[in-house]
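Here the structure is a predicted model, which means the values were calculated and not measured. Just so it is clear: chains get the letters A, B, ... in the order the sequence lines come, proteins before strands, and each one is counted from 1.
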Amino acid sequence: MEVKSDISQENGHCGPIDTGIKIPERMLKREQDRLEDVERKKEAKNSQSVTEEKSEFITAMFSNERAAIEELLAGCSCAIDRSLATQTLEEVTTRTQQLQKFLTDNQKPLPPYVLKQSQVSLQKLQTSLAEKRDEILPKKKFAFKSRATNTSKVSTPVIDPVPRVTQNDSAQTNVDGVISPPEQCGFSHFESKVLIKSAEEIKQKDVLLTHLTNCKVKLLGSPSTVHIKHIQNCEIFSGPVSSSVFVDHCTGSTLSFPCQQLRTHHTTNTQVYLHVTSRAIIEYCQDVHFAPFTWSYPGLDEDFAVSGLDRGRNNWDQVDDFNWLAIGTQSPNWSVIPEADRRADWD
Amino acid sequence: MGLLTILKKMKHKEREMRLLMLGLDNAGKTTILKKFNGEDVSTISPTLGFNIKTLEHKGFKLNIWDVGGQKSLRSYWRNYFESTDGLVWVVDSADRLRLEDCRQELSSLLLEERLSSATLLVFANKQDLPGSLSKEAIREALALDQIKSHHWSIISCSALTGENLLSGVDWLLDDIAARVFTAD
C-alpha cells in the first residue's frame, strides 16, 4: 500500500516534468521508425510497379512497332512499282534493325520469358523479310563474260603483244569497266601443238592453260600462279611458280614444275615431277603419281631466284589426299613413281 | 538464374569473341591468321582440318577459327557456326576464274540461321599481286550490296605484307562490340 502510494506519489510528483521530456521522446522515435518503415515499403512497392510499368511499356512499344513493320512488309509486293518495293524493303530493314537495337538496349527490365518471346518474333520478322526480298529482288546473277577474251586468245599468235591490248579493251567493256584487264597470259583451246612462253612474257604473271589436247607446253620463266584446267594427254613443264599451281580436270598427262603449293583436283592418270616447298594436295583424284622435279632449261637458276622458292626444301612425296583422311594408311589415289620408271629424257 | 546464364554473363564480362574465318581454298585464310599472330607465313600448307588461335586485341579475347576451304571440307564448315560473333570471308582477289563460285558459297553461308547474328568482314586478299582485282570489283562480283541481313564491310588487304589486316579486324571488333556489349 505504501509502495503503491509511493509510486503514485512519485508519478504524481514527477508526472508533469517527465511527460514533457521522457515518454514522448521514446514515442517519437518509435513513431519515426514506423514512418520510415512505411516509407521504405512504399518505395519498394513503387519501384516494383515502375519496373512493371516500364517492362509493360517496352513490350507495348515493341509489339506496336513490330506490327507496323509486319503491315509494311505485307503491303509490299511485286505488284507495285519495283523501285517503290525496294524503298519499302529498305525501310523495313532499317526499322527492323532499330527494333533489334531497342530490344537490346531495354532488355534489363524485361522478364526472361518476354525477352525470349520478343527475340523469337524478331527472328520471324527477319526471316519473312529475307523471303520477301528474295521474292521481290531476286539476286542478280553475276558472271564474267569471258567469251570475247577466249576467242581472241585463240586467234592470238603465240608471241604477239599488240593484239593483247585490244583484247584487254574488249574485256573491260564487257564487265562495265569495273573489272580491270587481267594480268594473265596463257594458252587455251589448242590441239597437237608445241606451245612456248618466254621469260619476258611470263614475268611473275598468272598463267592460265585450259582446254589443251595432245600439246606440249613449256613455260620458260617464273609465273606467279599457274592454273591448269581441262587438259588431256599433254606435257606441261614450267619454271618456278612463286605461289600455287592449280590443276583441275587433267587426264593422261605429265606435269613438271617447282612451286610453293600444288592443289590438284579431279585428275586421273597423271605423272607429276614436282618440287614443292610447302605441300601438295589432291582432291577427287585417282591414279596420280609423283616424283621429284628434274626438268631443266637455260635460265632455271635465275628463275628460281626470281620466284623466291627454297631450292633446298622439296616435299614432293608428302601429299595430302583430302578424300583420304585416315592417318597412317597410304591413300590409294596417289603413289610415288619407282626410281627405275622415272623419266630422264625431257626433250 | 540458370548455370548457362551465369556462364554467358561471365563470357560477356571477359569480352570474348569468336571469329570464324572461311573462304575458298587458296584464299589465304591461314596466312592471314598466322600473319596476324606474327608467325612465319612462308611454309603454310593447304589446311587439312582447321586451326584455332586465341589472342588478345584491344582488350578483347579473340578466338579465331580458320577452317580449310577445299571443296571436300566445305560440308564441315557448318560444324563451326555455333555462337560465331564475326564471320571473316577471305577472297583471293587474283582468282577471277572462281569468283562466281566464291559468291555462291558466301550467299549460302549468309542464309545460315546460326550465322544470322554475325557481322561479316570480307577481306579482298592478295592485293600485293599485280593481277588482283580491286575491292570495288570484288564487291560487285560478290553482290555485297544486296546483303541486308548482316552488317558487312569489305577491306582490301595483303596477308603476305600484312597490309590492312589490323584495320579490318578493328572494324569487325568495333561492330561486334557495339552490338553485343551495348547492354552493359
>> Taking the ring of A/His249 and the ring of A/Tyr284, is the distance between their centroids below 6.0 Å?
In response: no
> Side chain, backbone, both or neither: which part of B/Ser93 has a heavy atom under 4.5 Å from chain A?
Replying inline: neither
> Which one, B/Glu113, B/Lys71, B/Lys148, leads in non-hydrogen pairs under 4.5 Å with chain A?
Replying inline: B/Lys148
> Do side-chain atoms of B/Asp85 reach the backbone of B/Arg18 as a donor and acceptor pair under 3.5 angstrom?
Replying inline: yes
> Of the backbone (N, CA, C, O) and the side chain (C-beta and beyond), which part of A/Leu129 lies under 4.5 Å from a heavy atom of chain B, both, or neither?
Replying inline: neither
>> Ring centroids only, cut at 6.0 angstrom: are A/His211 and A/Phe187 within range, meaning strictly under it?
In response: no
>> If you take the centroid of each ring, where Trp contributes its six-membered ring, are B/Phe50 and B/Trp65 closer together than 6.0 Å?
In response: yes
> To the nearest 0.5 Å, what is the distance between CH2 (A/Trp324) and CG (A/Asn333)?
Replying inline: 8.0 Å
> Once you round to the nearest 0.5 Å, how far does CD of B/Glu16 lie from CD of B/Glu56?
Replying inline: 9.5 Å
> Listed by residue number, which members of residues 309-321 of chain A have a heavy atom under 4.5 Å from any heavy atom of chain B?
Replying inline: A/Arg313, A/Asp320
> Relative to chain A, which segment of B/Arg139 carries a heavy atom at a distance below 4.5 Å: side chain, backbone, both, or neither?
Replying inline: neither
>> Between B/Glu100 and B/Leu97 (side chain of the first, backbone of the second, donor and acceptor by atom type, cut-off under 3.5 Å), is there such a pair?
In response: no
> Is A/Asp248 reaching over with its side chain to a backbone N or O of A/Thr264, donor-acceptor style, under 3.5 angstrom?
Replying inline: no
> So, are B/Arg74 and B/Glu105 salt-bridged, with charged N and O less than 4.0 Å apart?
Replying inline: yes
>> If you count every heavy atom of other residues, nucleotides or ligands that lies below 6.0 Å from B/Lys58 atom NZ, does the total exceed 12?
In response: yes
> By a 4.5 Å heavy-atom criterion (distance strictly below it), what part of B/Ser117 contacts chain A: side chain, backbone, both, or neither?
Replying inline: neither
> Can you tell which of B/Leu48, B/Thr43, B/Leu73, B/Asp25 has the highest number of heavy-atom pairs within less than 4.5 Å of chain A?
Replying inline: B/Leu48
>> Let's test your reading of the structure: which of A/Arg279, A/Arg263, A/Gln261, A/Gln123 forms the most heavy-atom pairs below 4.5 Å with chain B?
In response: A/Arg263
> Would you find a donor on one side and an acceptor on the other, under 3.5 Å apart, between the side chain of A/Ser307 and the backbone of A/Val241?
Replying inline: no
> At a heavy-atom separation under 4.5 Å, does B/Asp95 approach chain A through its side chain, its backbone, both, or neither?
Replying inline: side chain
> What residue, out of A/Gln126, A/Gln204, A/Lys229, A/His265, has the most heavy-atom pairs lying under 4.5 Å from chain B?
Replying inline: A/His265
> Which atoms of B/Leu129 come close to chain A, meaning under 4.5 Å heavy atom to heavy atom: side chain ones, backbone ones, both, or neither?
Replying inline: side chain
